[in-house]
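I have placed the structure first, in the form of structure tokens, so that the comments after it can refer back to it.
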Amino acid sequence: RVVDEAGRPLTRVRIEALPDPSSTGEPSRERAAWSRSDGRFRLSALVPGRLYRLTIAEDGFAPASVPTDALPSDRPPVPVRIVLERGASMFGKVMNPEGLPVQGAELTLTLSKEAMFNQGRSWSSAPLSKATSDSTGSFALSHLSPDHFHLRVARKGFVTLSRPDVEVPSRAAKVDLGILTLDRGLAIEGQVTDPSGAPISGVGVVLILARGERSFSDTEFKDAQTDSEGRFRFEDLRKGARFDISAEHSGYVPVAVRSVEAPTLEALRIELKTGRTLAGRVRGPAGEPVPKADLYLQLETTVRTATETYREIGARSLGTTDEEGRFRCMGVEPGTVEIGVRAQGYAFARLQNVQIPEESDVEGLEIVLRRGSVLEIRVLDSRHQPVPGVAITANRLDPAPLVAQNSFQGRTDDEGRYRLEGLDPGRYDVFARSEQHGHVEASVEITAEGVTRRDLVFPAGVEVSEIGRASCRERV
């Protein structure tokens, strides 16, 4: 049943049952319901014994989240009472540097990164609350739950303001943010041409905060496309901030311009040169075509700026093979290059000293992958019984190429097993985590093209009882 703080029933409230990631089983056919006029609801077709979390996001109330579980079909359902509260509020004023109010500033509140990490949530930029400043610059964000939030304030013509950790201490809190001052934004603009000076339209241009620059706002990444005259413009940038700008277009060699200061006094000129084409096929050890293989160009560049010189190691995606394992990559710079290939079930491959001629393309390059190693993990409880639904993380410890996959995640099956294929030989740290059983880890040495098996056994004395689970539900 769903009620407000005074115990009054709430009608037409949507209740969603989200399966807990630590439990296993087939997903339910129905995971949402609406409360009736008396506030009551019924969720059916849930998997017996599976853990669920009931979530509610209703206008006018703070979001609610209630842990529960689906009982076996031969037992009556246990009523769940959910109380929605009006929640906390956050208020303040948005001003310009002259102390005048800024009307129409968009304020967005999301969970802070630290809060997401502490609660075991995956990263999400979905807003939890929004507001717009009025003619006096005033704003209010309402119906908030206690937590740590990231506040973002944006208005065209101004630098976006970011407050990465704003705390709401309680459900009844009224948090006064005071005056939020927005600095006026400046611009970086330029033009992209070919070597003859002809403008190139449709070029993808990306702006990111330069190395060593402190982030005062969310202006860390912007992208744009050049117009018919090859021009681009990035606005609302902080005065004196330095940015790296890259330009990329099919058939041309990508270019990066480092440490450009805002604002630009004159248009930045970027020249793109035509690159060569690299084409061929990726096969497995038995000659089978390898579809959906990712190809990368390994890059190592010496970067010189006004303040420092450093070596930058990176990778550029060249594309993916088709169903026949074939690839055709354009815009490759002539010279000696290194190519990396990654495909599911195969070990990572590195092709060094590949020669790209100045005056011709490379056709018919054959790349042969070998099968990767296999790691089979079995997770057992303290009684050496298999544990399904356990979160597994495997991290490679040995140095690896930049684009090689070094971290793997998944969950054990109904027999407590988890299988990883296509691994490179080396040392891996393997972690198993379960809300019910705790945590266990081990270091595993993977051999070349073989199968390595390892049991992980949870220690005794950390299991959560069914009684503990029930009492949690009854407190709601």
Side-chain angles (χ1 to χ4, degrees), residues 14 55-65 84-119 121-187 207-209 213-224 234-241 243 262:
R14 188 175 189 271
T55 62
I56 297 177
E58 177 71 6
D59 289 342
F61 296 91
S65 179
L84 296 187
E85 300 174 336
R86 296 295 175 181
S89 61
M90 194 180 291
F91 59 93
K93 283 192 174 184
V94 183
M95 299 288 188
N96 66 17
E98 291 76 37
L100 298 176
V102 177
Q103 183 178 4
E106 298 289 337
L107 295 99
T108 305
L109 206 63
T110 60
L111 272 182
S112 70
K113 291 181 179 179
E114 181 179 359
M116 291 183 195
F117 177 80
N118 291 338
Q119 297 172 26
R121 301 192 188 186
S122 56
W123 185 88
S124 172
S125 60
L128 300 176
S129 184
K130 290 183 177 181
T132 303
S133 60
D134 61 19
S135 59
T136 68
S138 300
F139 67 89
L141 294 156
S142 305
H143 314 307
L144 306 176
S145 298
D147 221 321
H148 289 258
F149 298 93
H150 183 163
L151 176 66
R152 183 177 183 271
V153 188
R155 178 72 162 87
K156 187 171 178 58
F158 295 89
V159 180
T160 298
L161 176 66
S162 179
R163 297 275 290 270
D165 190 13
V166 180
E167 182 183 6
V168 174
S170 68
R171 286 187 176 272
K174 298 184 183 299
V175 181
D176 185 358
L177 296 177
I179 293 177
L180 303 179
T181 301
L182 297 186
D183 294 327
R184 298 196 182 278
L186 301 173
L207 173 143
I208 61 172
L209 205 60
E213 281 288 299
R214 180 183 173 189
S215 174
F216 289 89
S217 71
D218 283 355
T219 310
E220 298 181 4
F221 174 89
K222 290 177 178 281
D223 59 353
F234 296 107
E235 300 178 330
D236 302 338
L237 305 177
R238 178 169 52 86
K239 181 179 180 180
F243 299 89

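Both backbone and side-chain heavy atoms feed into the values below; hydrogens, waters and symmetry mates do not.
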Heavy atoms only: give me the nearest [X]-[Y] pair and the separation to one decimal.
| X | Y | answer |
| --- | --- | --- |
| Glu167 | Pro169 | O-CD, 3.6 Å |
| Leu107 | Ser133 | CD1-N, 4.1 Å |
| Ser112 | Pro164 | CB-O, 3.5 Å |
| Ala140 | Ala131 | O-CB, 3.4 Å |
| His148 | Asp165 | ND1-OD1, 2.8 Å |
| Ser162 | His150 | OG-NE2, 2.6 Å |

Margin query: Go through it in stages, so that I can follow the logic: the residues are Leu177 and Phe139, the test is side chain to side chain contact (heavy atoms under 4.5 Å, CB included), and I'd like the CA-CA distance, side-chain angles, deciding distance and then a yes or no.
Written below: CA-CA 10 Å; Leu177 296 177; Phe139 67 89; 4.0 Å; yes
Across all chains, not counting sequence neighbours, the ring-ring contact (aromatic ring centres under 6.0 Å, His included) partners of Phe234 are Phe232
I'd like to know if the side chain of [X] reaches the main chain of [Y], judged simply by a donor and an acceptor atom lying under 3.5 Å from each other, with no hydrogens or angles considered.
| X | Y | value |
| --- | --- | --- |
| Asp236 | Val159 | no |
| Ser129 | Leu109 | no |
| Arg152 | Thr160 | no |
| Ser138 | Lys93 | no |

[X] side, atom [atom1]; [Y] side, atom [atom2] - distance, nearest 0.5 Å:
| X | Y | atom1 | atom2 | answer |
| --- | --- | --- | --- | --- |
| Glu85 | Leu144 | CD | CG | 12.5 Å |
| Ile56 | Phe61 | CD1 | CZ | 10.0 Å |
| Arg238 | Leu161 | CZ | CG | 12.0 Å |
| Arg171 | Asp147 | CZ | CG | 10.0 Å |
| Asp183 | Leu237 | CG | CG | 12.5 Å |
| Phe243 | Lys222 | CZ | NZ | 8.5 Å |

- prompt: Between Leu180 and Leu151, does a side chain to side chain contact (heavy atoms under 4.5 Å, CB included) hold up when you go through it step by step?
  reply: CA-CA 11 Å; Leu180 303 179; Leu151 176 66; 4.0 Å; yes
- Phe91 vs Asp176, side chain to side chain contact (heavy atoms under 4.5 Å, CB included): CA-CA, chis, key distance, verdict: CA-CA 5 Å; Phe91 59 93; Asp176 185 358; 3.5 Å; yes
Does any part of the side chain of Asp134, heavy atoms only, come nearer than 4.5 Å to the side chain of Pro101, both counted from C-beta? no
